[in-house]
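Side-chain atoms are counted along with the backbone in the values below, which use heavy atoms only and exclude waters and symmetry mates. In what follows, chains are A, B, ... by sequence order, proteins preceding strands, each numbered from 1. Note that the structure is a prediction, hence the values are computed from the model and not measured.
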Amino acid sequence: MIAVVTSELYRFATIRSVWISVIVVMVAAYAVSWFGAPFWGLVVGMGTFAITANVVGSQFAHRTVVLTYLARPHRLIVLAGQIVASALVGALVALVSSLGITDEPGLIVDGLIAVPLIAVFSAALATIVRRPLWLILGFVGWLIIAEGAIGQLDYPLPLTTFLQAISGEPDALVYFGLWTAGALALAVALSRRDVTD
Amino acid sequence: MIEAIELTKWYGRSTAVDGATFTASPGRVTGFLGLNGSGKTTTLRMLLGLIRPSRGQALIDGVPYRKLKHPAQRVGAVVEQGIANPGQTARAHLRTHAILSGGSARRIDAVLETVGLTDAATQHTVGYSLGMRQRLSLATALLTEPPILVLDEPANGLDPEGIAWMRGLLRKHADNGGTVLISSHLLAELAQLVDDVVVIAAGKVVSNGPLAEFTAGAEPHVRVRGRDPQRLWAALEAAGAGLESTDGVAIDVYGLAAAQIGEVAFAAEVPVWELTPHVPDLEQVFLSLVAPASAHPSQQEETAR
């Protein structure tokens with residue numbers, strides 16, 4: 001699995017649009033962190049979700065997943081490697097971008113757990129959906145319509161619980177962990193799907 | 001050694017591949033021929049573990065692909081046209097694959113040179129032509145120096161020079177003891193390369209064997225035209241030849257050599273205007289095999305997907 005993690009991290013570092021996105025998210029999250037931790041959490045969370053969805057999902061969109069599966073036919077190991085690499089990148093983005101938050105160290109700790117978790121959530125969804133654009137647009141739509149307009153961010157739905165988790169609510173972190181575990185379980189169940197055109 | 005044993009794939013009620021059985025042996029280039037939608041790609045993907053067979057077995061060196069210890073070091077594959085992330089350079093793409101496959105990064109320069117991409121190694125692949133991307137796919141397949149190559153339409157996008165280069169590369173690979181299984185619709189190119197032929201039509205293997213046997217089964221004929229076709233026909237018929245004509249002027253003669261036909265025409269006092277031996281080529285034999293079996297093959301596979 002180390003080879004998969006290493007290759008995924010190398011992919012993060014060498015795909016131009018990805019490392020530019022990582023820098024943009026870190027700078028943007030750092031900038032908004034001066035307005036408070038919740039703003040930082042929203043930007044870093046959504047940014048990490050989008051970056052991970054793009055990296056993992058684009059392997060299906062650009063078909064490079066075929067090469068990955070040829071080199072590593074055990075798909076659960078590939079999935080695990082993608083999950084670990086995504087979590088590491090999420091942690092890096094959270095750590096670097098949180099340097100401006102000096103008055104709420106507890107929130108940084110929450111963020112350093114929740115942000116890698118949203119990267120894992122995103123990586124799992126990307127292997128299920130296999131189309132990064134659909135996933136990102138779908139997630140934004142879900143966030144605005146289902147969780148925002150309808151749910152008023154009151155129900156224990158994925159993004160609501162994520163935002164509550166980075167605001168220091170331990171129960172919300174558990175709920176978001178459960179959402180992530182659910183997405184992972186579905187990704188595992190669907191991991192052996194045929195790779196066709 | 002590649003073995004397909006009763007390999008079958010169903011998609012719902014449609015059968016994309018139906019009991020395909022064949023082998024590709026070391027030291028030989030095996031051509032895998034079929035019309036679009038005949039089941040070639042599905043079969044190759046089953047061999048490589050990308051698609052799960054509904055029935056049957058796909059074996060590489062006696063075991064399923066996913067049970068190979070270091071699969072990418074045993075098998076190099078080109079399964080789609082020019083796979084690469086457009087935001088990566090060719091060198092980064094190959095390094096990613098080297099990390100994944102356990103290959104040596106020191107081979108990267110060598111394979112880039114082999115496929116003629118040294119000068120473009122630091123370019124992002126978004127700017128690559130189809131031919132360049134296809135060369136990069138071949139470089140990826142060759143990176144780990146695998147003894148077995150499985151190539152699905154590898155010549156797509158290559159210019160004539162590139163196709164000739166690839167032919168030489170694959171011939172050398174087989175001559176060095178490697179196994180090559182290649183599908184292509186460029187039959188004239190394949191005819192110059194392959195040792196063995198597997199023909200698939202509507203999901204079924206309809207022919208499987210050495211190229212020489214494949215074309216030997218089809219009867220050669222001589223096309224003859226003369227000033228008096230009816231008299232010539234009668235004379236050739238009397239000489240025991242099998243005859244066909246589509247236009248009443250040119251006669252396709254079976255069972256007699258060109259010299260014998262010339263003698264018969266001379267004896268019948270018919271001046272001969274044309275006398276052309278026709279040896280059936282790979283394309284003619286292939287088309288004669290797949291025509292009856294492939295009523296609507298592409299439709300079938302499209303439906304299956």
Side-chain angles (χ1 to χ4, degrees), chain A residues 1-24 51 53-82 84-85 126 130 132-133 189-197, chain B residues 9 11 16 41-42 45-46 48-54 60 64-68 70-89 91-103 105 124-126 136-137 140-141 143-144 146 150 152 301-302 304-305:
Chain A
M1 191 177 82
I2 292 170
V4 180
V5 174
T6 311
S7 73
E8 288 297 313
L9 291 176
Y10 186 76
R11 212 187 295 271
F12 269 99
T14 55
I15 297 174
R16 187 171 44 186
S17 61
V18 173
W19 59 258
I20 289 174
S21 304
V22 168
I23 291 171
V24 166
I51 290 167
N54 184 32
V55 171
V56 177
S58 68
Q59 291 188 45
F60 292 94
H62 296 306
R63 314 295 297 159
T64 52
V65 74
V66 169
L67 299 176
T68 306
Y69 287 159
L70 286 175
R72 301 281 160 178
H74 295 281
R75 299 195 185 172
L76 291 183
I77 291 176
V78 172
L79 178 62
Q82 290 171 330
V84 171
R130 293 184 167 183
L133 191 61
L190 297 176
S191 65
R192 291 191 67 196
R193 277 181 295 175
D194 291 342
V195 180
T196 54
D197 288 337
Chain B
K9 183 65 183 181
Y11 290 101
T41 297
T42 304
R45 286 176 189 224
M46 284 194 281
L48 296 168
L50 295 170
I51 290 178
R52 280 186 296 170
S54 306
I60 307 282
Y65 186 87
R66 40 183 292 123
K67 291 195 174 170
L68 289 170
H70 297 290
Q73 293 181 22
R74 295 294 306 156
V75 183
V78 173
V79 287
E80 288 183 27
Q81 284 185 34
I83 294 176
N85 188 300
Q88 263 187 322
T89 65
R91 190 182 295 281
H93 166 85
L94 289 172
R95 188 175 285 273
T96 306
H97 192 66
I99 296 168
L100 262 176
S101 59
H124 288 97
T125 61
V126 68
L136 182 58
S137 290
T140 311
L143 185 63
T144 53
V150 177
D152 191 6
E301 188 150 294
E302 287 304 316
R305 286 176 180 162

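Counted within 6.0 Å of CZ on R72(A), heavy atoms from surrounding residues, nucleotides or ligands total more than 12; the atom is thus considered enclosed.
Between T64(A) and N85(B), the shortest heavy-atom contact is CG2-N, 3.6 Å. Across all their heavy atoms, R75(A) and L50(B) have their closest contact at NH2-O, 3.3 Å. Contact record, Q88(B) with T14(A): NE2-OG1, 2.8 Å, taken as the closest heavy-atom pair. Across V195(A) and I51(B), no two heavy atoms sit closer than the pair O-CG1, 3.8 Å. Nearest heavy-atom pair across H62(A) and A84(B) is CB-O, 4.1 Å. Taking both residues in full, the closest heavy atoms of L100(B) and A3(A) are given as O-CB, 4.4 Å, listed atom of the first, atom of the second, then distance.
Contact annotation for T144(B): neither backbone nor side-chain heavy atoms come within less than 4.5 Å of a heavy atom of chain A. Heavy atoms of A92(B) lying under 4.5 Å from chain A belong to its backbone as well as its side chain. Interface remark: H70(B) contributes no atoms to any contact with chain A (heavy atom separation under 4.5 Å).
The candidate with the highest count of non-hydrogen atom pairs below 4.5 Å against chain A, out of G87(B), A72(B), G102(B), A98(B), is G87(B).
The CG atom of L67(A) sits 4.5 Å away from atom CD1 of I83(B), with the distance rounded to the nearest 0.5 Å. One finds the CG atom of L70(A) at 10.5 Å from the OG atom of S101(B) (value rounded to the nearest 0.5 Å). Taking OG from S7(A) and NE2 from H97(B), the interatomic distance works out to 10.5 Å, rounded to the nearest 0.5 Å.
Side-chain contact between Y69(A) and L48(B): absent, with no pair of heavy atoms (C-beta onward) separated by less than 4.5 Å.
Remark: side-chain polar atoms of R66(B) are paired, donor with acceptor, to backbone N or O of P73(A) under 3.5 angstrom.
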